[in-house]
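Take a look at the structure set out below.
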Amino acid sequence: MTALLKLYPASYRREFGDEIADAYREATDGASRTARTREAADIAGHALRMRLGLGSAGRTGRLLAAVTPFAVIAVGVYTMFLTRLTVSALRVADRIGDIGPVVLTGAGAPWPSRARYRP
């Protein structure tokens, strides 16, 4: 636990270190190894946010907390679009067969397919 606490900024650690250690002990008392690892990762993530000044007390942290759900949705929609585009391109490539190599640059894959031109 001491190593995890050292990830926090010194001032934050002085002010909240005991509380964080107690919460960690309470959460992991009798827990499985997976649960302890997950809790340690949560503490490390929180420490990183505190070091970067992205806590809920700061303006940047509040802004990111408000924007993140929309960004996640946008990335999901974009991923679905690229997946659909790739599937469509692969279907077209399968239909044209021997015409020549198909480059899927529009689908986010900048490499040519393995199809070879056979005159």
Side-chain angles (χ1 to χ4, degrees):
M1 183 62 208
T2 306
L4 288 173
L5 284 176
K6 287 183 179 180
L7 296 174
Y8 283 97
S11 62
Y12 195 87
R13 191 172 53 237
R14 277 191 300 275
E15 190 171 346
F16 299 106
D18 294 335
E19 185 179 337
I20 294 168
D22 290 341
Y24 178 78
R25 267 188 238 104
E26 185 180 315
T28 59
D29 186 35
S32 67
R33 176 180 228 161
T34 305
R36 288 192 310 268
T37 303
R38 191 176 300 136
E39 190 67 28
D42 287 344
I43 288 177
H46 185 252
L48 179 63
R49 287 191 305 273
M50 292 300 105
R51 281 213 178 260
L52 295 175
L54 299 176
S56 59
R59 176 185 250 174
T60 307
R62 287 192 308 267
L63 175 67
L64 286 176
V67 170
T68 299
F70 298 106
V72 169
I73 290 170
V75 168
V77 168
Y78 184 64
T79 301
M80 289 180 356
F81 167 74
L82 289 181
T83 302
R84 176 71 177 147
L85 188 63
T86 302
V87 168
S88 297
L90 290 173
R91 285 183 183 152
V92 169
D94 188 42
R95 281 190 216 132
I96 61 174
D98 294 332
I99 293 175
V102 176
V103 179
L104 301 175
T105 55
W111 58 87
S113 71
R114 298 286 181 210
R116 297 284 181 216
Y117 176 71
R118 295 181 213 112

What are the two closest heavy atoms between [X] and [Y], and how far apart are they?
| X | Y | result |
| --- | --- | --- |
| Lys6 | Arg51 | O-NH2, 3.5 Å |
| Tyr24 | Thr28 | O-OG1, 2.7 Å |
| Arg62 | Ser56 | CG-O, 3.3 Å |
| Pro9 | Ala47 | CD-O, 4.5 Å |
| Ala31 | Ala27 | CB-O, 4.0 Å |

* Asked: Do other residues, nucleotides or ligands put more than 12 heavy atoms under 6.0 Å from Asp18 CG?
  -> no
* To do: Using a cut-off of 6.0 Å, state whether more than 12 heavy atoms not belonging to Arg84 lie near its atom CZ.
  => no
* Taking side chain as C-beta onward, heavy atoms only, is Arg36 less than 4.5 Å from Arg33? -> yes
Side-chain heavy atoms nearer than 4.5 Å, only ILVMFWY residues, links allowed to pass through others: does that put [X] and [Y] together?
| X | Y | value |
| --- | --- | --- |
| Phe81 | Val87 | no |
| Met50 | Leu64 | no |
| Leu54 | Tyr12 | no |

Which distance, rounded to the nearest 0.5 Å, do you find between the [atom1] of [X] and the [atom2] of [Y]?
| X | Y | atom1 | atom2 | answer |
| --- | --- | --- | --- | --- |
| Leu5 | Phe16 | CG | CZ | 13.0 Å |
| Glu39 | Glu26 | CD | CD | 10.0 Å |
| Thr37 | Asp42 | OG1 | CG | 11.0 Å |
| Leu48 | Ile43 | CG | CD1 | 14.0 Å |

* Structure fact -> Tested for side-chain contact (heavy atoms from CB on, under 4.5 Å) against Ser11, the lone hit among Glu15, Arg13, Arg14 is Arg14
